[in-house]
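A quick write-up on the structure given underneath.
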Amino acid sequence: MKDIIEQFIQICGSAHVIIREEDRLKYASDYTENLVFMPELVVIPGNVDEISAVMKLCHQYDITVTPRGAGTGLSGGSLPVKGGIVLSTERLNKILDIDQENFQATVEPGVINEVFRNAVEAEGLFYPPDPASKGSCFLGGNIAHNSGGPKAVKYGVTRDYVLNLEVVLPDGTILWTGSDTLKNSTGYALTHLFIGSEGTLGIVTKIVFRLIAKPPHDLLLLASFSDALAACRTVSAVFLKGVVPSAVELMEKSAMQLSAHYLNESFDFSESAQAYLLIEVDGFDPDKLMDDCAKISDVLDAFGAEEVLFADTAAQKEKLWKIRRAIGEKVKAHSIYKEEDTVVKRAFLPELLSGVKEIGSKYGFESICYGHAGDGNLHVNIIKKDMPEELWNGPHLKEGIREIFRLCRKLGGTISGEHGIGYVQKEYMDEAFSVVHLHLMQSIKKVFDPKGILNPGKMIPDDLG
Ligand SMILES: Cc1cc2nc3c(=O)[nH]c(=O)nc-3n(C[C@H](O)[C@H](O)[C@H](O)COP(=O)(O)OP(=O)(O)OC[C@H]3O[C@@H](n4cnc5c(N)ncnc54)[C@H](O)[C@@H]3O)c2cc1C
């Protein structure tokens, strides 16, 4: 082992091989529940050649490698659950090129989502995918999870903006997966196989994104409802009116209250409110946006919204978005939680929310729900609080979670909309896929990683054989 550590140091430099336990601790957890898996070593390569050399060494000695971005994942994907090393991409943090003429950009995977968005916006361009964690998550992690965010409802998810990827395979081979063109009908779509593969097939080392023109105007409104299910029904009705908002976020009042409380933000919550809808429209024509808002207001009235607040100033808009974006983090400040990233056909959102609450009553858990309602994507935070450990990780609660996922399937949905499967959801994959389907996935994994050294213990259920 000493000799191998020496070789990692030769590749990355001694400052970038983390040996001391107190320094490794930072890489032992992410945002998933309270899970901690200590890596045996952390290596932080500075470029693709160093990553390739690290992978060659690990391949030679059968050392397991867990790729890591910013560690904001909610499914435990970056945790070294089978030991071995964590390979952090934090030093690959350069925006290599913004090609205004072709509406494209090439970046390294350790660039923070928001840093990239701001850089392209300074050039009049727009990169829409905006996970609520955009201030900290890396673009490489976004690729690995095919991340979404509030704007996905109008602009799509990460996948819709990726043209080409440079990846390092588990044996150290460096490969480009496609081409930098807007169209590509050449062979298997390897680029898209890597997107959403959660670091199990290769390590993404460069990304070529397509960009669009930045819409200069947006309007934001917040509506309160005394009936959370009426808020859910409103969502589909807005689209049926012919409006495509750039965000439709549902927040149970408890979610918003916790976020505002821990952020120290004042907000006048109505006594009777059960849930809130945050709706944004954006575009190039301010008159059209006013028309859209008028149509949305009609729908809100028809579905019994209590109060509708138009955010007049940039500061008001920022405050509302800040409260929305911080919910996940602030619920965690209140209690450890299990996050179920449920997604169904949009019109079935009311059935999903009411079903989740019924299942909660049956299995004895409290949930705080919020999410990207325009996509039918509801984050169900199951709250631990004082729940004893044996119940928290026991079969009873797992059966409750299974029931939630069965409901998703019944409502035309699946078990994760944007947070991935990782470590914590893999045992439920049989709710989403047949055995044939899971074996196909396992076979694909074996083609890329026959030794099973890259991010083992993720995505594919352990008992598949
Ligand atoms: C408060 C909060 C809000 C969030 N909001 C959203 C949201 O709105 N939408 C959304 O989609 N997600 C959201 N997330 C989840 C999370 O931020 C995303 O999944 C994000 O994409 C993870 O990026 P990361 O850099 O933190 O990746 P990590 O957590 O470090 O890793 C995630 C996975 O990616 C793999 N990986 C990382 N880098 C690479 C690479 N270069 N090559 C190959 N594999 C790699 C890891 O092995 C792991 O499997 C939120 C999380 C938090 C804490």
Side-chain angles (χ1 to χ4, degrees), residues 26-27 29-33 35 45 48 51 55 64-81 86-93 107-114 129-153 157-159 165-170 194-207 247 249 255 259 262 321-322 324-333 337 339 341 343 370-372 375 377 379 381 416-426 448 454-459:
K26 175 179 153 197
Y27 300 88
S29 57
D30 61 2
Y31 270 77
T32 314
E33 300 174 32
L35 302 180
V48 62
I51 292 184
M55 288 314 302
T64 60
V65 180
T66 304
R68 183 177 173 102
T72 67
L74 293 163
S75 53
S78 66
L79 305 180
V81 298
V86 160
L87 188 154
S88 169
T89 54
E90 66 199 63
R91 287 176 65 216
L92 279 80
N93 59 2
V107 302
E108 292 185 328
V111 175
I112 291 174
N113 177 295
E114 193 166 42
D130 61 338
S133 53
K134 66 181 180 177
S136 50
C137 66
F138 291 175
L139 292 166
N142 296 172
I143 300 283
H145 278 165
N146 187 25
S147 297
K151 291 203 188 295
V153 63
V157 293
T158 303
R159 180 185 301 285
L165 295 172
E166 181 192 68
V167 296
V168 175
L169 299 180
F194 273 91
I195 300 166
S197 66
E198 303 191 19
T200 61
L201 303 181
I203 298 171
V204 174
T205 47
K206 284 191 194 77
I207 308 154
E249 299 287 303
S259 183
Y262 283 101
W321 274 121
K322 191 173 163 193
R324 161 59 191 93
R325 275 192 221 109
I327 290 176
E329 221 179 313
K330 302 309 173 192
V331 174
K332 195 165 182 175
Y337 65 82
E339 164 119 4
D341 178 30
V343 61
Y370 65 97
H372 314 299
D375 298 323
N377 187 190
H379 301 321
N381 290 179
S416 175
E418 57 178 21
H419 294 163
I421 298 304
Y423 175 65
V424 291
Q425 309 297 7
K426 65 178 177 173
F448 283 87
L454 193 60
N455 214 356
K458 308 288 166 62
M459 209 153 81

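Nothing here was measured: the structure is a model prediction, and the numbers come from that model. Read the numbers this way: they start at 1 and go in the same order the structure lists the ligands and their atoms.
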* Establish, from distance only, whether the side-chain atoms of E418 and H372 form a donor-acceptor pair under 3.5 Å. => yes
* Close N or O approach (E198, ligand 1; < 3.5 Å) -> yes
* Structure fact -> Within 4.0 Å of some non-hydrogen atom of G73, the atoms of ligand 1 are 26 (O), 29 (O)
* To do: May I ask you to check whether G148 has an N/O atom sitting below 3.5 Å from an N/O atom of ligand 1?
  => yes
* For atom 24 (P) of ligand 1, grab the closest protein heavy atom and report residue, atom and distance to one decimal in Å. => A70 N, 3.5 Å
* Asked: Who's the nearest protein heavy-atom neighbour of atom 9 (N) of ligand 1, and how far?
  -> E418 OE2, 3.0 Å
* **Heteroatom distance test (A144, ligand 1): nitrogen or oxygen, under 3.5 angstrom** => no
* Asked: Is the OH atom of Y423 crowded by more than 12 outside heavy atoms at less than 6.0 Å?
  -> no
* Asked: Counting both backbone and side chain atoms, is some N or O of P150 under 3.5 Å from an N or O of ligand 1?
  -> no
* Keeping the roles fixed (side chain from S75, backbone from H419), state whether a donor-acceptor pair exists under 3.5 Å. => yes
* At a 4.0 Å cut-off, with the gap strictly under it, does some heavy atom of K134 reach an atom of ligand 1? -> no
* Would you sort out whether L454 and L201 count as a side-chain contact (heavy atoms from CB on, under 4.5 Å), showing the intermediate values? => CA-CA 7 Å; L454 193 60; L201 303 181; 5.8 Å; no
* Asked: What is the closest protein heavy atom to atom 22 (C) of ligand 1, and at what distance does it sit?
  -> T72 OG1, 3.4 Å
* Asked: Tell me, which pairs form a side chain to side chain donor-acceptor pair (under 3.5 Å) where one or both residues lie in residues 130-150, sequence neighbours left out?
  -> N113-N142
* Is G71 close to ligand 1, meaning an N/O of one under 3.5 Å from an N/O of the other? -> yes
* atom 18 (C) of ligand 1: the protein heavy-atom neighbour that sits closest, reported with distance to 0.1 Å -> S147 OG, 3.8 Å
* To do: Could you give me the CA-CA distance, side-chain angles and deciding distance for E198 and K458, then say whether salt bridge (Lys or Arg N to Asp or Glu O under 4.0 Å) is met?
  => CA-CA 8 Å; E198 303 191 19; K458 308 288 166 62; over 6 Å; no
* Structure fact -> Numbered in order shown, the ligand 1 atoms found under 4.0 Å of a heavy atom of G77 are 47 (O), 48 (C), 49 (O)
* Side-chain donor or acceptor of T66 paired with backbone N/O of V81 under 3.5 Å -> no
* Can you find a non-hydrogen atom of N142 under 4.0 Å from ligand 1? -> yes
* Give the contacting part of N455 toward ligand 1: side chain, backbone, both or neither, where contact means a heavy-atom distance below 4.0 Å. => side chain
* Short N/O distance, under 3.5 Å, between P67 and ligand 1? -> yes
* To do: Ignoring hydrogens and angles, tell me if any N or O in the side chain of Y27 forms a donor-acceptor pair with the backbone of S78 under 3.5 Å.
  => no
* To do: Under 4.0 Å from a heavy atom of G199: give me the atoms of ligand 1 that qualify, with their elements.
  => 43 (C), 44 (N)
* Where does the angle between the aromatic ring planes of H379 and Y370 fall among parallel (under 30°), tilted (30 to 60°) and perpendicular (over 60°)? -> perpendicular
* Quick one: does S133 get an N or O within less than 3.5 Å of an N or O on ligand 1? -> yes
* Side-chain heavy-atom pair L74, D341 within 4.5 angstrom cut-off -> no
* With only distance considered, is L74 within less than 3.5 Å of ligand 1 through an N or O on each side? -> no
* Against heavy atoms of G202, which atoms of ligand 1 measure under 4.0 Å? -> 43 (C)
* Give the contacting part of Y31 toward ligand 1: side chain, backbone, both or neither, where contact means a heavy-atom distance below 4.0 Å. => side chain
* Asked: Considering only protein heavy atoms, which is closest to atom 32 (C) of ligand 1, and at what distance to one decimal place?
  -> H145 CE1, 3.5 Å
* Give yes if a backbone or side-chain nitrogen or oxygen of V204 is under 3.5 Å from a nitrogen or oxygen of ligand 1, and no if not. => yes
* For atom 38 (N) of ligand 1, state which one of G140, G135, S259 supplies the nearest heavy atom. => G140
* **A132 contact mode with ligand 1 (heavy-atom cut-off under 4.0 Å)** => both
* To do: Please say whether E329 places an N or O atom under 3.5 Å from an N or O atom belonging to ligand 1.
  => no
* Take every heavy atom of P129, measure it against each atom of ligand 1, and state whether any distance is under 4.0 Å. => no
* Asked: Looking at atom 12 (N) of ligand 1, what's its closest protein heavy atom, distance included?
  -> H419 CD2, 3.4 Å
* **Numbering as shown, the atoms of ligand 1 that approach T89 to under 4.0 Å (heavy-atom distance)** => 41 (N)
